[in-house]
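Have a look at the structure below before the remarks.
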Amino acid sequence: MLGKTGIVIHREFSTRVRTKAFWISTFLTPLLIVALMVLPPVLSMMYADSEGEALRVMVLDESNLLQGQIDTSKSLVFNIIEGDYKERVAQFKEYDKADVFVYLSVRPAEPAQPEVKIISKKALSLAEESSIVKAIQQRIEEIRLLEAGIREEVLAQSKVKLRAHTLVLSKEGEEKAANSGVLFGIGMFLSFVIYLSIFIYGAQVMRGVIEEKTNRIVEVIISTLRPIELMMGKVLGIGLVGLLQFALWIVLTIVLVQVATFLMPAEWTTAMQNNAQGGGAAMPEASQVAAGGMGAVFQTIMDLNIAQVVFGFLFYFLGGYFLYSSLFAAVGAAVDSESDAQQFTLPVTIPLILAFIMAQIVLNHPDGQLAFWLSMIPLTSPIIMVVRLPYGVPGWELITSMACMVVGFLLVTWLAARIYRIGILSYGKKPSYKDLWKWMIRG
C-alpha cells in the first residue's frame, strides 16, 4: 500500500510544484507581506512630509463652553466665531478660508453633555473627524477642571502616559516578557495561516478529485490501486506541496525583510522604529500604552516556549489539513462538478469558520472552559489550540488535544474513505445527504 500511495504522492507533488502558478504565488506572497509591512509607514511618513495646509475649522460656540479659546495643532487651525447659526452656515458655504464648520451647543435637558455638529465642504476622513472632536472635548474638560479649582500647572502635570511592560512569573520564579499585544498578534497570525491553508489546499484536493473523476482517469487508476490509497496519496501529496510553499514563504519573507531594511534610508528606518515604539502619531493611544517598544516585542518572542509553539503549529497545521482534506476529497468523489460540491462544502467548513470566529473570544480568555473544550474537538482544535500556544498551554492539555486530533483524523479519514470508495465511480446523479449516509454505512 505504501509503495502505490507513494507513487500517487510523488505524482501530486511533482505536477503541482512544476507549475508556474506555484512558483508565482510562492514568490509574490512574501513580496506582498513585506510590502504590507513596509509601505504603510513609509507612505505615511512621505505623506506627512508632503501634506499641505492644516484643516481650517470655524467653531460657533453657542454656549461659550470653550471660553473663546482652543489650542491649534499642525493639522488643525481653529477659529472661534459668534453669531446666528443659519447666517454663519450660509456664510461658510461661500467662505473660502474655512474647510469645516463646527456648531457646539448644549441641550437644556442635559447641560453636562454638549453636542457637536460638523459641516464640511468635502467628506472628512475618520482621523480628521476624530481629531476635531477630541480637541474640542479636551478643551471642555480642561475648562471644567479649572472651574472646579484645579490649577492649570497641576492639570498639566496630571497628564500621564503609561508604558506597560507585562511579565509572567514562571514556575522556576523567572520573570519572562509577555506583551499581550505580541501574544495576540502571534496567535491570530498562526491561526489565520492554518485557516487559510486548509481552505486553499483542501479545495485543491477536492478540485483534483473532481477533475480526475470527470475525465474518467480515475477508472484507470482504480484498476491498479485501492480508493483509499488514491485518496491518501492525493491528500499527502498536496499537503507536502503546502508545507514546502509555507516553508519557502517564511524563508523568503525573512530575506526580503532584511534586504528592505538594508536598502531603506536610515531616517526611514529610525522613523519606523519610533512609530513601532509608540512614538508615531498614527499609532492609537491604547497601542502606545501596551506597546512597550520593539525591545519588549522581541523580548516577548524570545521568552516564548519556542519549541512548543513551533511543534504545536506544525502538528495542527498538518493535522488540520489532513482531517479537512479527507472530507474535501470525499466531497469531490461524491459529485460530478464543482457547482454540485457547494451544497456539501458548507457543512464541512462550518466548524472551521466557527473556530476562527470563536478565536476572538478565546484570545480574551485563553485558559477558560470554552478555550479548553474547543481545543479538544478535532474539528476546531487546529485553530483554537494554535491561538492559545503563545500564552502557554499545560503539557497534559496539549498531549490530550493532540491525541484527540489523531483519533479524530483516523475516524474522519476512515468515514471519508468509505464515501470516496463508492462516490468516485458514481456518475450521472446528484447525491443527497441521505446517499452519503448510505455510502458511509455500506462503505
Side-chain angles (χ1 to χ4, degrees), residues 29 33 168 176-203 235 238-240 242-251 253-254 297 300-328 348-409 412:
T29 301
I33 293 172
V168 171
K176 294 186 176 181
N179 186 293
S180 57
V182 177
L183 299 179
F184 180 96
I186 293 173
M188 282 304 300
F189 174 75
L190 296 180
S191 64
F192 181 72
V193 169
I194 291 180
Y195 175 81
L196 197 62
S197 299
I198 290 174
F199 268 102
I200 292 175
Y201 298 112
V235 169
I238 295 175
L240 290 175
L243 200 59
L244 172 63
Q245 191 169 53
F246 181 71
L248 290 174
W249 282 346
I250 293 176
V251 173
T253 301
I254 294 172
V297 172
T300 299
I301 295 173
M302 295 302 296
D303 285 348
L304 285 175
N305 188 339
I306 300 294
Q308 186 187 76
V309 173
V310 172
F311 175 74
F313 171 76
L314 291 175
F315 177 87
Y316 287 102
F317 178 87
L318 294 173
Y321 162 75
F322 289 143
L323 186 148
Y324 277 96
S325 291
S326 300
L327 295 174
F328 276 112
V348 168
T349 56
I350 279 178
L352 189 66
I353 297 171
L354 179 64
F356 192 71
I357 294 172
M358 297 304 291
Q360 322 293 324
I361 301 174
V362 170
L363 281 166
N364 294 324
H365 304 283
D367 297 323
Q369 288 294 314
L370 178 66
F372 173 80
W373 289 112
L374 289 177
S375 300
M376 298 298 137
I377 301 172
L379 291 171
T380 57
S381 61
I383 300 293
I384 302 301
M385 184 56 85
V386 167
V387 164
R388 296 179 61 201
L389 284 175
Y391 293 88
V393 179
W396 71 270
E397 282 192 31
L398 189 59
I399 293 172
T400 304
S401 175
M402 287 181 172
C404 292
M405 186 78 215
V406 172
V407 172
F409 163 68
V412 168

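As the structure is a prediction and not an experimental result, all values here were calculated from the model. The figures here come from the full heavy-atom set of this structure, side chains too, leaving out hydrogens, waters and symmetry mates.
- The minimum heavy-atom distance between Val362 and Ala371, with the atom names listed, is CG1-CB, 3.6 Å.
- You'll find the side chain of Thr380 stays beyond 4.5 Å of the side chain of Leu354, heavy atoms only.
- The side-chain heavy atoms of Val412 and Phe322, taken from C-beta on, include no pair separated by under 4.5 Å.
- Atom OG of Ser375 sits about 9.0 Å away from atom CG of Leu370, to the nearest 0.5 Å.
- When all heavy atoms of Pro378 and Leu323 are compared, the closest pair comes out as CB-CD1, 3.9 Å.
- Between Pro351 and Leu379, the shortest heavy-atom contact is CB-CB, 3.8 Å.
- Checked against a 6.0 Å centroid threshold, the rings of Phe246 and Phe313 count as neighbours.
- Residues Gln360 and Asn364 come closest through the heavy atom pair O-ND2, 3.5 Å.
- The CD1 atom of Ile194 sits 9.5 Å away from the CG atom of Leu352 when rounded to the nearest 0.5 Å.
- Side-chain contact between Pro382 and Met405 is present, with heavy atoms from C-beta onward closer than 4.5 Å.
- Summarising the geometry of Ala359 relative to Val387, their closest heavy-atom pair is CB-CG2, 3.9 Å, with the distance given to 0.1 Å.
- Between the OH atom in Tyr201 and the CD1 atom in Ile238 there is a gap of 10.5 Å [rounded to 0.5 Å].
- The distance from the CD1 atom of Ile377 to the CZ atom of Phe372 is 10.5 Å, given to the nearest 0.5 Å.
- For the pair Phe409 and Tyr321, the minimum side-chain heavy-atom distance is 4.5 Å or more.
- The shortest non-hydrogen separation linking Tyr316 to Ser401 is OH-OG, 2.6 Å.
- The aromatic ring centroids of Phe199 and Tyr195 lie less than 6.0 Å from each other.
- Atom CD1 in Ile198 sits 10.5 Å away from atom CG in Leu327 (nearest 0.5 Å).
- Counting only residues at least two apart or in different chains, salt bridge (Lys or Arg N to Asp or Glu O under 4.0 Å) contacts with residues 378-397 comprise Arg388-Glu397.
- Using modelled atom types, one side-chain atom of Ser191 and one backbone atom of Met188 make a donor-acceptor pair closer than 3.5 Å.
- Here the CZ atom belonging to Phe315 is positioned 11.5 Å from the CG atom belonging to Leu389, to the nearest 0.5 angstrom.
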CA sep, side-chain torsions, deciding dist, call: Val386, Phe317, side chain to side chain contact (heavy atoms under 4.5 Å, CB included): CA-CA 9 Å; Val386 167; Phe317 178 87; over 6 Å; no

